[in-house]
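What follows is a short report on a single structure.
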2 protein chains.
Amino acid sequence: MTQTHSLESVSERILHVAVEVFAEYGFRDATVREICSRANVNLASVNYYFRSKESLYAQVLIFSFQEANRLHPQNALLEKNLTPEQRLNLFIKNFLNKLMDDSRLGLHSKLIAKEISDPTNALETLLEIAIKPQMKLLQDIIQPIIGEQTDKHFIHRCLLSIYGQCLMFKHSRSVINRLYPELIENESAIDACAEHIAQFSIAAITQLAQQITPIKS
Amino acid sequence: MTQTHSLESVSERILHVAVEVFAEYGFRDATVREICSRANVNLASVNYYFRSKESLYAQVLIFSFQEANRLHPQNALLEKNLTPEQRLNLFIKNFLNKLMDDSRLGLHSKLIAKEISDPTNALETLLEIAIKPQMKLLQDIIQPIIGEQTDKHFIHRCLLSIYGQCLMFKHSRSVINRLYPELIENESAIDACAEHIAQFSIAAITQLAQQITPIKS
DNA sequence: AATTAATTAAAACAACTGTTTAATACAATC
DNA sequence: GATTGTATTAAACAGTTGTTTTAATTAATT
């Protein structure tokens with residue numbers, strides 16, 4: 001009997017299915033049996049092709065990151081003729097949409113969110129390939145809004161303020177679903193939230209930056 | 001041989017230890033054996049006194065909430081002669097300190113955070129006894145800052161903005177630890193972060209509320 | 001003191017986990 | 001065509017989990 005499943009190889013099928021399962025359950029609660037069952041593959045295949053569940057997970061994180069970069073390129077942010085405010089708006093809208101994307105490949109965000117709030121050994125790698133670069137990007141975006149402010153702590157806290165507002169929709173989604181379901185009922189509602197976060201942050205940053213570094217004339 | 005352990009009864013010891021263990025591992029990764037071992041109690045005791053692990057967990061959440069209310073009363077917020085800004089400042093500082101408190105009884109925050117980002121059947125109860133009241137309190141605090149603004153969605157998004165900034169320090173602590181450890185190295189650093197969140201939010205809210213509801217004269 | 005009920009204890013149960021084994025089938029190479 | 005290396009399979013292994021059982025012990029009641 002030949003493979004009736006697909007054109008993919010066994011290891012490819014495992015990798016693709018593993019992204020889904022790890023995103024759904026997290027590393028600890030995901031089971032090798034579930035992965036193999038969904039991939040229509042023998043139980044021993046994970047250990048045969050990937051040595052261990054942990055090693056598979058590490059490869060899944062990297063693969064998923066590359067996929068996300070391929071599908072959600074952020075080159076729109078590189079355009080020179082955008083104001084800093086427009087760029088921040090785009091960044092947040094893009095980020096929030098990725099975070100809330102259930103159907104398609106919002107799986108990458110899910111993987112990362114699970115890893116952050118319940119870290120495994122793979123966190124170190126994840127920081128380097130995914131989180132640090134995105135932090136750097138956001139910092140480059142808000143730097144012109146802040147101005148020539150040099151207080152690093154202030155900049156870092158602003159980064160966390162923006163990130164926190166976005167991640168709230170990921171980590172506390174269960175709560176939002178119960179208390180304010182209208183806010184996330186569809187894509188336009190989510191876009192409205194993104195807009196809110198952007199305006200909220202811009203208003204805060206401009207005013208605080210003024211306070212700390214009073215206008216020199 | 002009499003009980004050399006303590007004055008507490010067996011079920012009390014289980015309850016107290018269970019708070020620690022569930023806060024440390026979350027419901028799924030906590031084990032009955034670990035709880036019984038730490039409580040110096042026979043393995044069967046959990047099922048004898050609490051029927052099941054799940055039922056114990058539900059009771060732990062309620063007990064922990066009552067303890068937190070007893071130890072961290074928020075009556076300072078009820079004082080009439082505080083400005084709204086001062087009250088928000090107090091609220092955030094109090095909240096953030098609870099979230100970051102590792103040693104003493106920041107266990108309650110840990111329990112809630114774990115439950116929110118990885119919900120079990122107990123989420124419903126938790127919403128009613130802990131989350132909704134705190135949301136209501138925060139709303140009452142920022143309402144005078146917003147003014148007679150009636151757009152409910154705007155108010156709700158502001159609530160989420162503030163909460164998101166605070167919870168960031170809980171859910172993404174692993175990341176902050178690696179990227180910006182100075183921000184949370186001690187209590188005064190954390191207080192500085194609380195101050196930042198308060199100022200950031202007040203600046204944003206006052207300005208946005210003005211924009212939406214222009215000054216009528 | 002005898003009987004009853006509540007508590008503690010050790011062991012086993014049944015289900016699940018990641019991993020390994022040993023046997024088979026397949027393909028390519030000499 | 002026999003041999004070699006690769007791929008797949010079913011089964012078993014060894015460990016952990018929540019829960020139950022059955023017996024021993026303690027406390028309370030009559």
Side-chain angles (χ1 to χ4, degrees), chain A residues 1-61 111 114-115 118-123, chain B residues 1-61 111 114-115 118-123:
Chain A
M1 192 204 280
T2 60
Q3 294 182 16
T4 62
H5 317 96
S6 67
L7 302 163
E8 297 174 313
S9 72
V10 171
S11 61
E12 281 172 339
R13 251 182 301 154
I14 291 178
L15 196 63
H16 291 155
V17 166
V19 172
E20 297 175 20
V21 177
F22 281 130
E24 189 166 342
Y25 295 102
F27 173 70
R28 279 170 253 269
D29 290 340
T31 71
V32 175
R33 277 172 176 80
E34 174 74 14
I35 293 170
C36 292
S37 166
R38 287 201 203 177
N40 271 101
V41 154
N42 186 270
L43 172 61
S45 304
V46 161
N47 295 83
Y48 183 78
Y49 285 102
F50 297 91
R51 199 177 81 247
S52 70
K53 178 190 179 186
E54 189 173 351
S55 165
L56 168 62
Y57 178 65
Q59 292 195 44
V60 159
L61 279 183
L111 272 174
K114 289 243 195 274
E115 175 64 28
D118 197 10
T120 70
N121 291 331
L123 177 63
Chain B
M1 193 203 283
T2 60
Q3 294 181 17
T4 61
H5 317 97
S6 68
L7 302 162
E8 298 173 312
S9 73
V10 172
S11 61
E12 281 172 338
R13 251 183 300 155
I14 291 178
L15 196 62
H16 292 154
V17 166
V19 172
E20 297 174 20
V21 177
F22 281 131
E24 189 166 342
Y25 296 102
F27 173 70
R28 280 170 252 268
D29 290 340
T31 71
V32 176
R33 278 171 176 79
E34 174 75 13
I35 293 170
C36 292
S37 166
R38 286 201 203 176
N40 271 100
V41 154
N42 186 269
L43 172 60
S45 304
V46 160
N47 295 83
Y48 182 78
Y49 284 102
F50 296 92
R51 201 177 79 247
S52 69
K53 177 190 179 185
E54 188 173 353
S55 166
L56 168 63
Y57 178 65
Q59 293 195 43
V60 159
L61 279 183
L111 272 174
K114 289 241 195 274
E115 175 65 27
D118 197 8
T120 71
N121 292 330
L123 177 63

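Values below: all heavy atoms of this structure, side chains included; hydrogens, waters and symmetry mates excluded. Chain letters run A, B, ... following the sequence lines, proteins first and then strands; every chain starts at 1.
Contact annotation for Tyr49(A): backbone-only contact, meaning every heavy-atom pair under 4.0 Å involves sugar-phosphate atoms and none involves a base.
For the salt bridge (Lys or Arg N to Asp or Glu O under 4.0 Å) condition, no pair includes a residue of residues 39-55 of chain B, sequence neighbours left out.
The side chain to side chain contact (heavy atoms under 4.5 Å, CB included) check on Ser11(B) picks up Ser9(B), Tyr49(B), Phe50(B), with sequence neighbours excluded. Taking Thr120(A) as the reference, Glu115(A) meet the side chain to side chain donor-acceptor pair (under 3.5 Å) condition, with sequence neighbours excluded. Residues satisfying the salt bridge (Lys or Arg N to Asp or Glu O under 4.0 Å) criterion with Arg28(B), sequence neighbours excluded, are Asp29(A), Asp118(B).
Between the C1' atom of dA9(C) and the CG atom of Asn40(B) lies a distance of 14 Å, rounded to the nearest Å. In this structure, Asn42(A) atom CG and dT9(D) atom P are separated by 5 Å, rounded to whole Å.
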Any N/O pairs under 3.5 Å between the protein and nucleotides 16-21 of chain D? List them or say none.
unit_1, atom_1, unit_2, atom_2, d
dG18(D), OP1, Ala30(B), O, 3.2
dG18(D), OP1, Val32(B), N, 3.3
dG18(D), OP1, Lys53(B), NZ, 3.0
dG18(D), OP2, Val32(B), N, 3.0
dG18(D), N7, Arg33(B), NH1, 2.7
dG18(D), O6, Arg33(B), NH2, 2.9
dT19(D), OP2, Lys53(B), N, 2.8
dT19(D), O5', Asn47(B), ND2, 3.4

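Put simply, Tyr48(B) has no side-chain N or O that comes within less than 4.0 Å of OP1 or OP2 on dT8(C).
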What's the verdict on side chain to side chain contact (heavy atoms under 4.5 Å, CB included) for Ile35(A) and Leu56(A), showing C-alpha distance, side-chain angles and the deciding distance?
-> CA-CA 11 Å; Ile35(A) 293 170; Leu56(A) 168 62; 4.2 Å; yes
Pair up each side-chain donor or acceptor in residues 18-27 of chain B with any protein partner under 3.5 Å, not counting sequence neighbours, and list the distances.
unit_1, atom_1, unit_2, atom_2, d
Glu24(B), OE1, Arg38(B), NH2, 3.3

